[in-house]
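The next block holds one structure in the form of structure tokens; read it before the comments.
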Amino acid sequence: MEIPKEYLPHESEDRWTAAWESAALFRADPGGAKAPFCMVIPPPNVTGNLHIGHVLVYTLHDVVARWRRMQGRDVLWLPGTDHAGIATQMVVERELAKEGKSRHDLGREAFVERVWEWKKRYGGRIVEQLRRLGASVDWSRERFTLDDGLSRAVRSVFVRLYQQGLIYRDRYIVNWCPRCHTALSDLETVHEPVPGKLYLVRYPSADGSFSIAVATTRPETMFGDVAVAVHPDDERYRDRVGKQVLLPLADRPIPVIADAFVEREFGTGAVKITPAHDPNDFEAGRRHGLPEVVAIDTSARMTAEAGDLAGLDRFEARARTVERLEARGLLLGVREHEHAVGHCQRCGTMIEPLVSHQWFVKIAPLAEPAIAAVERGDTRFVPETWAKTYFEWMRNIHDWCISRQLWWGHRIPAWYCDPCGTVVVAESDPEGCEGCGGPLRQDDDVLDTWFSSALWPFSTLGWPDDTEDLRRYYPTDVLITGFDIIFFWVARMMMMGLKFRDEVPFREVYIHGLVRDARGQKMSKSKGNTIDPQELQGRYGTDAVRLTMAILAAPGNDIPLAPERMEGYRAFCNKLWNASRFVLMRLGDAPPGAWSRERLSLVDRWILSRLDRVVGDVARALEEYRFDRAADALYHFVWGDFCDWYIELVKPDLAAGDADPARAETARAVLLDVLSTVLRAMHPFVPFLTEELWQKLPGDSRGYLAVASWPVSRGGDVDPEAESAVGMLQELVVKIRNLRAETRIDPARAVEVVIAPADEAGRRLVGEESARIASLVRASTVRCAALEPGAVAARGVARGFEIAIPLEGVLDIELERARLAKELSKIESELEARSRKLDNPSFLERAPREVVDKERVLHGELLEKRSGVRRTLAALSGGQAP
RNA sequence: GGGCGGUUAGCUCAGCGGUAGAGCGCCUGCCUUACACGCAGGAUGUCAUUGGUUCGAAUCCAGUACCGCCCACCA
């Protein structure tokens with residue numbers, strides 16, 4: 001079989017993606033006998049491109065999915081996309097803008113039609129990218145949040161919550177984006193510090209007897225002022241309460257009121273009350289029965305209340321207002337003042353708090369059971385610390401504004417009869433008004449995108465119908481997502497799942513970190529440090545990208561993505577490829593049968609033992625979502641144990657095939673066994689590479705690796721004796737190599753190595769493994785013998801062995817002496833620390849037995865090593881002295 | 001203002017009660033017929049700081065100093 005020296009990912013990726021799909025390997029099988037395992041994908045935005053964060057989260061999902069599938073579970077990983085209301089509407093509006101049109105030019109119906117067209121054209125892009133990542137999702141169950149089924153779920157939930165009084169419509173102050181022209185939830189507004197100014201403005205009393213200085217950051221809103229508030233206990237203003245002041249510029253009389261929400265220490269201790277443009281003031285206004293005077297409109301322009309400033313943009317109006325106040329001597333001072341201001345999450349425009357009619361979810365009654373479920377452990381956060389974040393938010397939750405003044409989304413199922421005022425909220429479109437029979441008008445608004453996302457774990461499985469999928473796969477097993485959407489999504493799914501299914505939507509929530517750039521900076525388009533996954537996949541191969549993601553995903557930590565790191569994992573993929581190539585070349589056309597235990601050599605027993613442990617470690621790590629540990633364990637097993645040691649150790653066996661065919665045959669069988677186990681264990685991380693190699697293994701009707709069984713620890717393979725013996729052998733080999741390097745022996749020169757073992761076990765080890773040792777250290781012979789004190793030789797001491805490489809005439813004795821003296825002092829300082837410990841009676845008395853024992857063993861070994869080095873030094877001197 | 005997290009080798013990070021680790025980088029040698037995306041050898045750390053608990057602390061506790069992040073209606 002001809003196998004290229006390099007792994008070339010691309011062709012193999014396309015081939016296996018297609019093969020797996022056409023074999024329908026990832027289709028869930030609800031009718032089968034296997035235990036179910038279900039995850040729903042965090043649905044990407046249809047308009048989106050797969051970014052590096054997606055690659056991380058979907059890689060982790062796929063590792064879990066492939067691993068569970070290979071473990072014999074009936075895995076459903078359900079894919080789908082989100083209509084992403086504002087984001088998608090914005091994309092299409094931008095496209096329209098290029099044609100010089102707005103959505104209003106098209107009208108609602110035509111616009112929505114246009115978005116659907118857009119979705120048809122580009123919505124597949126992200127799906128294709130997901131496919132290219134190797135995501136083993138069940139495409140037959142793909143969902144979209146605006147599908148008929150999901151829309152039905154949305155309506156059903158809305159109606160039920162409405163009927164229970166948990167959804168209500170109210171006139172309330174909300175976060176308004178003057179650019180998107182829609183209300184936003186609190187979560188969709190991001191607070192950012194803005195350098196601003198604090199203006200002190202004098203409000204004179206109506207009768208001219210006094211005046212009150214008021215502090216404000218937004219003087220332009222004063223046209224909406226309806227009062228000035230002070231703290232009820234504030235001595236300075238006590239006798240002003242109840243009197244009238246004249247609103248400057250407008251010359252409108254407004255009352256001075258007392259309210260405890262005023263902070264006496266801030267500014268002047270007096271606040272202007274603008275209920276229509278400030279959430280605090282809105283509440284205060286309601287408490288005091290004050291009117292709402294609208295000074296700013298939905299486009300953030302001044303209304304007629306602002307007199308001749310009407311029509312001006314709010315910032316322009318601010319400048320003018322300040323000018324005028326100053327001109328009239330009413331501006332008492334201006335101070336620099338940085339404060340946090342809400343911005344639209346989507347477009348970055350400064351939020352304008354406005355009063356309008358909106359729909360809300362009364363959230364506290366839903367939050368309560370969702371808090372309790374996590375407290376009970378029905379849903380577990382991994383890492384656990386994220387539960388705190390969840391609780392913190394859930395316990396301070398505010399009602400959720402769910403209506404959006406957009407066109408793309410689930411239209412609110414509420415109808416109004418204008419003549420008689422009846423409101424109909426229903427799952428199916430009503431014919432006419434039940435009261436007067438008149439025509440009904442449907443609410444213009446659509447629902448917050450996250451409303452439908454909140455239902456995702458059950459709406460995708462068929463709810464509100466009682467489907468087989470729903471019964472079988474809900475609750476899902478695990479949700480994997482980023483901390484940035486714990487509130488947006490995780491918390492809301494918890495609430496809705498419990499409300500409508502009486503059961504948490506997922507048993508575990510694994511929260512991953514944020515992918516950052518090599519220097520730990522957050523990736524953002526504006527910083528220009530984003531990395532395109534497609535490009536990475538092209539450069540390093542999808543498997544290398546996936547492996548990097550998994551191995552860097554240490555829980556609770558962000559992921560700094562350095563390209564050099566990825567180069568390393570690409571190299572690993574190539575390493576595995578070449579190790580396989582080696583094995584396959586040695587196997588030839590006649591594949592070995594199964595090995596038998598009695599024929600195993602020491603090193604065979606060792607590698608099988610190591611493998612068994614690693615397989616167990618990996619499974620345990622995956623159970624705990626320690627993707628980093630799992631991948632790291634495999635990485636080091638493959639590169640270290642298997643490639644650096646085992647393959648090198650059995651080369652003599654394979655080469656001596658004619659002399660000892662049975663030995664060679666066993667070695668081949670073990671090589672194949674280890675390789676096939678490694679391929680199976682690594683498949684969840686590097687699916688393409690391993691499938692490609694799996695298919696090259698000898699033997700017929702092997703089937704797909706993607707559905708092969710994940711290795712289970714055989715237990716019986718663990719062999720402490722072999723591990724300890726090979727451990728010594730490794731130390732011996734490393735010491736000999738080190739001697740060669742330190743004494744500058746020509747690397748090509750085959751030397752003679754003489755070893756004096758400390759005991760019989762060591763003697764046997766060297767005797768039996770001399771051929772292997774020789775091959776690893778480039779020796780012509782390796783033999784056990786007492787070391788002659790006088791001989792000129794490079795000398796060293798390993799645990800349990802003294803070593804000499806005879807070198808007549810080539811060795812620099814002084815250099816050797818210095819080297820050994822240095823080694824001796826190192827040993828002595830270590831010995832000192834260790835002796836101190838063993839001399840300490842409290843340690844002997846209080847430390848656990850096994851710790852003390854271990855300490856004694858190590859101490860003994862050190863003593864032995866020291867005397868070995870001393871002997872060696874003496875021998876060297878003996879050699880020098882004539 | 002509240003909450004959460006970080007500070008370990010030049011860089012990015014693991015480790016979280018019993019001899020300081022990885023990858024990359026660095027230094028020395030090697031094209032040893034699986035692999036130069038490689039092989040072998042090597043150097044490198046008062047584990048932020050101060051105190052405490054412990055036979056023993058990078059690891060647990062408390063304080064301090066810097067860095068992040070999230071939430072929040074001091075205008």
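In what follows, every chain begins at residue 1, and chains take the letters A, B, ... in the order their sequences are listed.
Distance check on atom C1': B/A43 versus B/U28 gives 11 Å, rounded to whole Å. B/U32 and B/C39 have their P atoms separated by 14 Å, given to the nearest Å. B/A48 sits 24 Å from B/C24 when the C1' atoms are compared, rounded to a whole Å. When the P atom is used for both B/U7 and B/A75, the distance is 34 Å, rounded to whole Å.
Counting atom types as modelled, A/E392 pairs no side-chain N or O with a base atom of B/C71 as donor and acceptor under 3.5 Å. For a distance-only test at 3.5 Å, the side chain of A/E6 fails to qualify as a donor-acceptor partner of the base of B/A34. For A/R744 and B/U28, a side-chain-to-base donor-acceptor distance below 3.5 Å is absent, hydrogens and geometry of angles not being considered.
When distances run from any side-chain atom of A/V271 to the nucleotides B/A75, B/G68, B/C24, the shortest one goes to B/A75. Proximity note for A/R778 (side chain, C-beta onward) versus B/U32, B/C13, B/A34: the nearest is B/U32. Closest to the side chain of A/K854, from the set B/U19, B/G23, B/A72, is B/U19. The side chain of A/P747 lies closest to B/C30 when the candidates are B/A72, B/C30, B/C13.
Pair check for B/G23 finds B/C11; Watson-Crick or G-U wobble, both atom distances under 3.5 Å. Applying the Watson-Crick and G-U wobble criteria (two distances, each under 3.5 Å), B/A48 pairs with B/U64.
In this structure, CZ of A/F483 is placed 13 Å from C1' of B/G6, rounded to the nearest angstrom. With rounding to whole Å, A/E192 atom CD is found 12 Å from B/C69 atom P. For the pair A/I486 CD1 and B/G5 C1', the computed distance is 13 Å after rounding to whole Å. Atoms CD1 (A/I511) and C1' (B/G5) sit 15 Å apart, rounded to a whole Å.
Classified by interplanar angle (parallel below 30°, tilted 30° to 60°, perpendicular above 60°), the ring pair A/F642/A/Y646 is parallel. Taking the six-membered ring for Trp and thresholds of 30 and 60 degrees, A/Y569 and A/Y635 have ring planes more than 60 degrees apart, a perpendicular arrangement. Using cut-offs of 30° and 60° on the angle between ring planes, the pair A/H337 and A/F266 is perpendicular.
Taking 4.0 angstrom as the limit, A/R626 places a side-chain polar atom (N or O) nearer than this to OP1 or OP2 of B/G15. Regarding contacts with the backbone of B/C73, every side-chain N or O of A/H339 stays at 4.0 angstrom or more from both OP1 and OP2. Between A/T385 and B/G5 there is a side-chain polar atom (N or O) within less than 4.0 angstrom of OP1 or OP2. Contact annotation: A/K388 side-chain N/O to B/G5 OP1/OP2 distance is under 4.0 Å.
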(message) For A/R629 and A/D632: C-alpha separation, side-chain torsions, deciding distance, then whether salt bridge (charged side-chain N to carboxylate O under 4.0 Å, His left out) applies.
(response) CA-CA 5 Å; A/R629 281 192 185 162; A/D632 195 63; over 6 Å; no

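A donor-acceptor pair shorter than 3.5 Å cannot be found between the side chains of A/D399 and A/Y172. A donor atom on one side chain and an acceptor atom on the other are not found under 3.5 Å apart for A/D186 and A/H398.
Each of A/D628 and A/H191 has a nearest nucleotide on RNA chain B; the 5'-most of these lies closest to A/D628. Sequence order on RNA chain B of the closest nucleotides to A/I647 and A/A270 puts A/I647 first from the 5' end.
If you check residues 213-231 of chain A against RNA chain B, the residues with a heavy atom closer than 4.0 Å are A/A215, A/T216, A/T217, listed by number.
Interatomic distance, CG of A/L247 versus CZ of A/F223, reported as 7.5 Å (0.5 Å rounding).
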(request) Scan nucleotides 38-46 of chain B nucleotide by nucleotide, 5' to 3', and note B when protein non-hydrogen atoms come under 4.0 Å of the base, S if they reach only the sugar-phosphate, - if neither. (result) SSSSS----

